[in-house]
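To start, the structure itself, in structure tokens.
The structure displayed is predicted, hence computed values, not measured ones.
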Amino acid sequence: MKKTKFSQPEPGVNGDFWYLGGRKLTSRLLLGTSGFPNPLTMMEAFAASATEMVTVAIRRVNLNESGEESLLGMLRAAPVQILPNTAGCYTAKEAVLVAELAREALETDLIKLEVIGDDETLLPDTEQLMKAARQLIDSGFTVLAYANDDPITCKKLAAMGCAAVMPLASPIGSGMGLVNPYNLELIRDQISECALVVDAGIGTASDATRAMELGYDGVLVNTAISRAKHPMKMAAAMRNAVQAGRFAFTAGRIPRRFYARASSSMTGRVSANARSHPEDS
């Protein structure tokens, strides 16, 4: 298979970096691994995005396959950290079992916890999510919890000890973008004890920028890249979008005003009547 050349992530402003589940990261863009037309395209997208962490659905991979051509084999050979997830789980019991399998197979306590309520919306089942999060934290897992954009649920997950809370922008794979930026802003304003990552629903680069401008620590993107007409181009666009949003947030935007405000001072401006022509008198 053709070898893909990976570029090193560019450092952010003044060496900007962050921690996710105890892992130090420079890139604030996380990628999923499903839906790509082929493995080479996936690897090229990783390189174009400069991501340092990718998520894998444990229920959809063969943990016994470790050859170079297997998904896990390719990921282990790439300069990325693997974040196992519990996608496809509907109960806390299922999610805990999948997390334990991931810990044993991948030798990591890191787990992205997903517990969905149905096949139509793929929205999180809050009751089962909270139950699974508590059990996994008590078992020594570092939990990154995928949640609804509900400030109360997100606050409870953070207080419980989740290493990251990952509220959705909109339903998984919908590409609808940030349907409720007000709630996402509330969540960011009220939670400071753990990392916050916008997960699910990002459709294009401007969605990622907007999420980062709200002050989120990172963005996780899968379908918007894997299903794009040109995944590698979209991966590069997402990389730049996340960086632009982070730069804008740290720069500090101007306050919104209902009325216009002149950008130049009105003091000392030249008046049309400052000098009178002789013919005018």
Side-chain angles (χ1 to χ4, degrees), residues 4-13 16-18 20 25-38 40-55 78-81 83 85 112 122 144 146 149 164-185 187-188 195-254 256:
T4 300
K5 183 179 180 181
F6 283 83
S7 59
Q8 292 298 318
E10 295 177 0
V13 176
D16 183 37
F17 60 84
W18 63 305
L20 182 62
L25 302 174
T26 299
S27 171
R28 292 175 180 270
L29 175 60
L30 286 67
L31 261 59
T33 54
S34 65
F36 285 93
N38 55 67
L40 177 59
T41 300
M42 179 186 72
M43 300 301 280
E44 289 178 339
F46 290 172
S49 71
T51 186
E52 295 169 286
M53 184 174 285
V54 299
T55 183
V80 295
Q81 298 185 53
L83 170 61
N85 71 53
K112 178 173 178 258
L122 300 180
L144 285 57
Y146 167 64
D149 58 347
V165 177
M166 308 175 76
L168 55 82
S170 51
I172 293 172
S174 68
M176 290 294 292
L178 280 62
V179 296
N180 197 340
Y182 173 72
N183 270 21
L184 289 177
E185 194 165 1
I187 293 167
R188 175 70 282 180
L196 288 178
V197 177
V198 171
D199 179 15
I202 297 294
T204 190
S206 57
D207 298 332
T209 299
R210 194 177 184 193
M212 295 302 295
E213 286 176 343
L214 292 177
Y216 276 75
D217 298 295
V219 171
L220 194 154
V221 182
N222 189 173
T223 308
I225 293 176
S226 66
R227 301 292 188 185
K229 291 182 179 179
H230 302 285
M232 192 166 63
K233 287 184 179 180
M234 184 59 77
M238 290 294 181
R239 173 186 182 177
N240 291 327
V242 167
Q243 189 175 66
R246 176 65 180 173
F247 285 4
F249 173 72
T250 57
R253 65 154 292 144
I254 62 171
R256 292 180 174 86

Starting at [atom1] of [X], measure out to [atom2] of [Y] and round the result to the nearest 0.5 Å.
{"X": "M166", "Y": "D149", "atom1": "CE", "atom2": "CG", "value": "14.5 Å"}
{"X": "I225", "Y": "H230", "atom1": "CD1", "atom2": "NE2", "value": "14.5 Å"}
{"X": "F17", "Y": "R28", "atom1": "CZ", "atom2": "CZ", "value": "9.5 Å"}
{"X": "Y182", "Y": "L214", "atom1": "OH", "atom2": "CG", "value": "13.0 Å"}
{"X": "T26", "Y": "Q243", "atom1": "OG1", "atom2": "CD", "value": "11.0 Å"}
{"X": "L220", "Y": "L168", "atom1": "CG", "atom2": "CG", "value": "12.0 Å"}

Looking at side-chain heavy atoms only, is the closest gap between [X] and [Y] below 4.5 Å?
{"X": "I202", "Y": "L178", "value": "yes"}
{"X": "V221", "Y": "L29", "value": "yes"}
{"X": "M234", "Y": "T204", "value": "yes"}
{"X": "Q81", "Y": "L25", "value": "yes"}
{"X": "T55", "Y": "T33", "value": "no"}
{"X": "D199", "Y": "P167", "value": "no"}
{"X": "I172", "Y": "Y146", "value": "yes"}
{"X": "P181", "Y": "R210", "value": "yes"}

Between the side chain of [X] and the main-chain N/O of [Y], is any donor-acceptor distance below 3.5 Å?
{"X": "W18", "Y": "S27", "result": "yes"}
{"X": "S174", "Y": "S170", "result": "no"}
{"X": "S49", "Y": "A236", "result": "no"}
{"X": "T41", "Y": "P37", "result": "no"}

Does the pair L83 and L144 meet the rule for a side chain to side chain contact (heavy atoms under 4.5 Å, CB included), with working shown?
CA-CA 9 Å; L83 170 61; L144 285 57; 4.0 Å; yes
Surrounding CD of E213 (heavy atoms of other residues, nucleotides or ligands, distance under 6.0 Å), is the total greater than 12?
yes
Of all heavy-atom pairs between [X] and [Y], which one has the smallest distance, and what is that distance?
{"X": "A205", "Y": "A237", "value": "CB-O, 3.9 Å"}
{"X": "A48", "Y": "R239", "value": "O-CD, 3.4 Å"}
{"X": "V242", "Y": "M212", "value": "O-CG, 3.7 Å"}
{"X": "A169", "Y": "L184", "value": "CA-CD1, 4.5 Å"}
{"X": "P231", "Y": "S226", "value": "CG-O, 4.1 Å"}

With side chain to side chain contact (heavy atoms under 4.5 Å, CB included) as the criterion, how do F46 and V54 come out once you've worked through the C-alpha distance, each side chain's angles and the decisive distance to 0.1 Å?
CA-CA 9 Å; F46 290 172; V54 299; 3.7 Å; yes
D217: what forms a salt bridge (charged side-chain N to carboxylate O under 4.0 Å, His left out) with it, not counting sequence neighbours?
R188
Give the intermediate values and the outcome of side chain to side chain contact (heavy atoms under 4.5 Å, CB included) for residues N222 and F36.
CA-CA 9 Å; N222 189 173; F36 285 93; 4.2 Å; yes
Side chain to side chain contact (heavy atoms under 4.5 Å, CB included) between V80 and M53, intermediate numbers included:
CA-CA 5 Å; V80 295; M53 184 174 285; over 6 Å; no
